[in-house]
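This report refers to the structure that appears directly beneath it.
Both backbone and side-chain heavy atoms feed into the values below; hydrogens, waters and symmetry mates do not. Proteins come first, then strands; the chains are lettered A, B, ... in the order of their sequence lines, and each starts at number 1. On a predicted model such as this, the values are computed, not experimentally measured, just so you know.
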Number of protein chains: 2
Amino acid sequence: MVFVSNLPEPPWSSHVARRPARAPLTREGITAAALAIVDAEGLDALSMRRLAEQLGCGPSALYGHVSGKDELLHMLIDHVAGEVEVPDPDPERWQEQLKDVMRATRNVFVAHRDLAGASIANIPTGPNVVRVVDRLLALLLAGGLSRQVAAYAADLLPQFVTASAYEWSRFEQRMEHEPEYFERLHAYYEALPADRFPVVADLLVELMAPDEEDDARFEFGLDVIVRGLAALAEP
Amino acid sequence: MVFVSNLPEPPWSSHVARRPARAPLTREGITAAALAIVDAEGLDALSMRRLAEQLGCGPSALYGHVSGKDELLHMLIDHVAGEVEVPDPDPERWQEQLKDVMRATRNVFVAHRDLAGASIANIPTGPNVVRVVDRLLALLLAGGLSRQVAAYAADLLPQFVTASAYEWSRFEQRMEHEPEYFERLHAYYEALPADRFPVVADLLVELMAPDEEDDARFEFGLDVIVRGLAALAEP
DNA sequence: ACCTGAACACCGTTCAAGT
DNA sequence: ACCTGAACACCGTTCAAGT
């Protein structure tokens, strides 16, 4: 099959009727290519023009399948939301289940670099995202939370994962292309005048505690929020 | 004084030595002009070129005073952090004090449109921001939190305010230039198939509960986080 | 129906040159 | 020392025209 392209043009082939050998654009193909760019280079590298280049078409061709960059980002978020699994609620251990869902969501986000940035301050509307919210609400109700508390928590929890995943990935990205960033930051805080910022100076070690692979700050926030929700669940 | 500019050129004045009548650029002036743009039109409207236009200079002139757009945004964040007041800690009522600081920070952010977006995923370094962190840490220690818990909380709390303020301002901005946005969102959620998303369908009213001026979702998250922290404060 | 080409109105940043 | 002019390498989006 590969050799065919090296043959001379058959005399009956019309030059006029030739179309590009590339497969026609689809929303799925566009989503996959966009995600590949984000995975390889991060959210900032994703532009309509770069995406078109990757797909071998002109930038304007994309607008036949996607209304604009906003919609493209929504499609990416919904696509990766499909990777998040939410278990059937078990009222006995809803807190651990809740934490596991949050961890799973965080891991899906950080697996796609700083994609979480596209999810900040965007109200979820895609089917996969709504599916996750639905299962999350079921879990919260199983935990004994009131209807309104569960509804508010379904905003707070995704806000927390999204912000945490975004911060983590941004820090990772910074360290990638400037490995001495953490050291510079540490040196800056160490050089702060202790008379003007006494508590910062006193807690320097604790403030600079490095996040390990499991993200201690994320686990802390998760613990605080779940404890707070549990306090509201008690009758 | 004003009439002087209407006089003919004095014969001894050199055309060569004339400089533009505009005041020379300063970091303070640049910060003020940038903030004015954000206040008037939002963070997306702030560009180095637009800012230069506002100041009556070429874009490249800015780079003599500011290393780039990143630093400019840091300067804006630190500038508004100066508007946040943090009281001296009173161990008896540290939880209410903490909430008040968070509310004050939120209000400062939303007073400057979606400026909070510039604070997301950026580690604080400016003097005013560090000052707020210092006072915040003092408050948390006064509440009986351990050193490491206080340090983690000093990350979690600003993350929460920033994300909340950003979401609020973005929603407000969307409603501003598309007043039917909330209705469209409501209609979308109402049209979701109840068999696929049973809990979302069941909690539709609670999920769509509108945020009033005081931002009920923010108050909820604040309550959850402070309860969680208080649970960790107990010995 | 789907795509191309070209254009419009923007970006952040650099750098030689001017005063 | 401070700023201008011009350029470089990009953006998102539109729209007439082509096949």
Stepwise side chain to side chain contact (heavy atoms under 4.5 Å, CB included) check, B/H79 with B/L35: CA-CA 9 Å; B/H79 182 91; B/L35 201 56; 3.7 Å; yes
Pairing of B/R103 and B/E219 as salt bridge, 4.0 angstrom limit: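 Counted as a salt bridge, because a side-chain N and a carboxylate O are separated by less than 4.0 Å.
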Sidechain N-carboxylate O distance under 4.0 Å for A/R135, A/E85: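 So A/R135 does not pair with A/E85 through a salt bridge.
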Counterpart base for C/dG12, defined by Watson-Crick or G-U wobble contacts under 3.5 Å: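 Checking every strand shown, C/dG12 finds its partner in D/dC8, with both distances under 3.5 Å.
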Partner nucleotide, any strand, of C/dC2 [Watson-Crick/G-U, under 3.5 Å]: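 Checking every strand shown, C/dC2 finds its partner in D/dG18, with both distances under 3.5 Å.
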Looking at [Y], is its backbone amide N or carbonyl O close enough to the side chain of [X] to form a donor-acceptor pair, meaning the two atoms are under 3.5 Å apart?
X: B/D215; Y: B/D211; result: no
X: B/D114; Y: B/R170; result: no
X: B/D39; Y: B/H112; result: no

Dump every N/O contact between nucleotides 5-8 of chain C and the protein below 3.5 Å, one line per pair.
from, atom 1, to, atom 2, distance (Å)
C/dG5, O6, A/S60, OG, 2.6

Rounding to an integer number of Å, can you tell me how far [X] [atom1] sits from [N] [atom2]?
X: A/D44; N: D/dC11; atom1: CG; atom2: P; answer: 11 Å
X: A/E53; N: D/dC11; atom1: CD; atom2: P; answer: 8 Å
X: B/L46; N: C/dC11; atom1: CG; atom2: P; answer: 10 Å
X: A/L25; N: C/dC2; atom1: CG; atom2: P; answer: 10 Å
X: A/L62; N: C/dT4; atom1: CG; atom2: P; answer: 9 Å

Residues from residues 63-74 of chain B lying under 4.0 Å of DNA chain C - heavy atoms: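 When residues 63-74 of chain B is checked for heavy atoms under 4.0 Å from DNA chain C, the hits, listed by number, are B/Y63, B/G68, B/K69.
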cation_pi(A/R174, A/Y181) dist<6.0 Å, angle<=45: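 Judged by the rule, A/R174 and A/Y181 form a cation-pi pair.
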Spatial distance of atom CG (A/L204) from atom NE2 (A/H186) [nearest 0.5 Å]: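 Interatomic distance, A/L204 CG to A/H186 NE2, rounded to 0.5 Å: 5.0 Å.
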Other residues, nucleotides, ligands: >12 heavy atoms within 6.0 Å of B/E41 CD: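 Count over threshold, so yes.
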Over 12 non-hydrogen atoms of neighbours within 6.0 angstrom of CD in B/E180: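 More than 12 heavy atoms, drawn from other residues, nucleotides or ligands, come within 6.0 Å of this atom.
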D/dC10 to C/dA9 separation - P atoms, rounded to the nearest Å: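 Roughly 22 Å separates the two P atoms.
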Contact residues, residues 29-39 of chain A to DNA chain D [heavy atom, < 4.0 Å]: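 By residue number: none to list.
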Close side-chain approach of B/R184 to B/E178, heavy-atom, < 4.5 Å: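 Contact flag for B/R184/B/E178 side chains = yes.
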